[in-house]
Each structure stands twice: as structure tokens, then as C-alpha cells.
Amino acid sequence: MAVPKRKMSRSNTHARRSQWKATAPALVKTVENGRVTYSMPHQAKVVTDSAGTALYLEYKGRKVADV
């Protein structure tokens, strides 16, 4: 494990940490039956029935897993 030889100053620590920035996820807009949904690309989506109960996971129109 790497161990620093000298203490790092506060200004250098803050300068290093300031480079880490959160990025907004890339969302894909889809319209199904007049309803707009946003989902993350390349991830399975949950298919629900009319009552809102989760039924299964779907990817590219195919059932991939039960919930």
C-alpha cells in the first residue's frame, strides 16, 4: 500500500478533490402508448401491469428475468 512521504497541504488536498465532479446520467426518451418514459441505455427495464405491480425485467423486447 502506498504511504505518502510528507503531509499534503490543505490547499493541495482541496485542489485535488475539486476535480471530482458528478455527471448527469445519459437518459433515453421513449414514448409508449402516448406516455413518455426516460430510461438508462443498455439496462433492463421493469415491466408492470395496470395496477403497477412489477412482473419481469425486459431488455430489447425480450424477457430476461423474473422480479
Side-chain angles (χ1 to χ4, degrees):
M1 185 169 124
V3 178
K5 199 167 211 177
R6 291 198 171 96
K7 181 177 180 179
M8 192 172 199
S9 69
R10 274 193 191 152
S11 62
N12 284 344
T13 301
H14 292 307
R16 186 189 72 245
R17 288 182 181 162
S18 69
Q19 302 307 314
W20 290 89
K21 295 175 181 66
T23 57
L27 297 178
V28 177
K29 178 181 176 182
T30 56
V31 179
E32 295 177 1
N33 301 329
R35 188 173 161 192
V36 177
T37 58
Y38 293 92
S39 60
M40 300 207 33
H42 302 290
Q43 287 194 3
K45 70 175 190 172
V46 178
V47 176
T48 59
D49 61 1
S50 61
T53 308
L55 299 174
Y56 57 89
L57 292 173
E58 181 183 67
Y59 183 71
K60 290 188 177 179
R62 296 182 178 148
K63 181 179 174 182
V64 292
D66 291 323
V67 178

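Keep in mind it's a predicted model, so treat the numbers as computed, not measured.
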Whether Thr53 side chain and Asp49 backbone form a donor-acceptor pair below 3.5 Å:
no

Do the numbers put Lys63 on top of the ring of Tyr56, so that NZ or CZ is under 6.0 Å from the six-membered ring centre and no more than 45° off the axis?
yes

How close do Pro41 and Ala26 get, counting heavy atoms only, and between which atoms?
CD-O, 3.0 Å

Looking at Lys21, I want to see if its NZ is surrounded by more than 12 non-hydrogen atoms of other residues, nucleotides or ligands under 6.0 Å.
yes

Distance, nearest 0.5 Å, that separates NZ of Lys60 from NE2 of His42
7.0 Å

How close do Leu55 and Thr48 get, heavy atom to heavy atom, and via which atoms?
CD1-C, 4.0 Å

Flag yes if Val46 and Tyr38 sit in one hydrophobic cluster, no otherwise; membership is Ile, Leu, Val, Met, Phe, Trp, Tyr, and two members link when side-chain heavy atoms are under 4.5 Å apart.
no

With rounding to the nearest 0.5 angstrom, report the CZ to OG1 distance, Arg35 to Thr30.
10.0 Å

Close side-chain approach of Val28 to Met40, heavy-atom, < 4.5 Å:
no

Kindly indicate whether the side chain of Tyr59, heavy atoms from C-beta on, has any atom under 4.5 Å from the side chain of Leu57.
no

Atom CZ of Arg16 with >12 non-hydrogen neighbours under 6.0 angstrom:
yes

Glu58 and Val64 have their tightest heavy-atom pair at N-CG2, 4.2 Å

Rounded to the nearest 0.5 Å, how far apart are OG of Ser9 and NE2 of His14?
9.0 Å

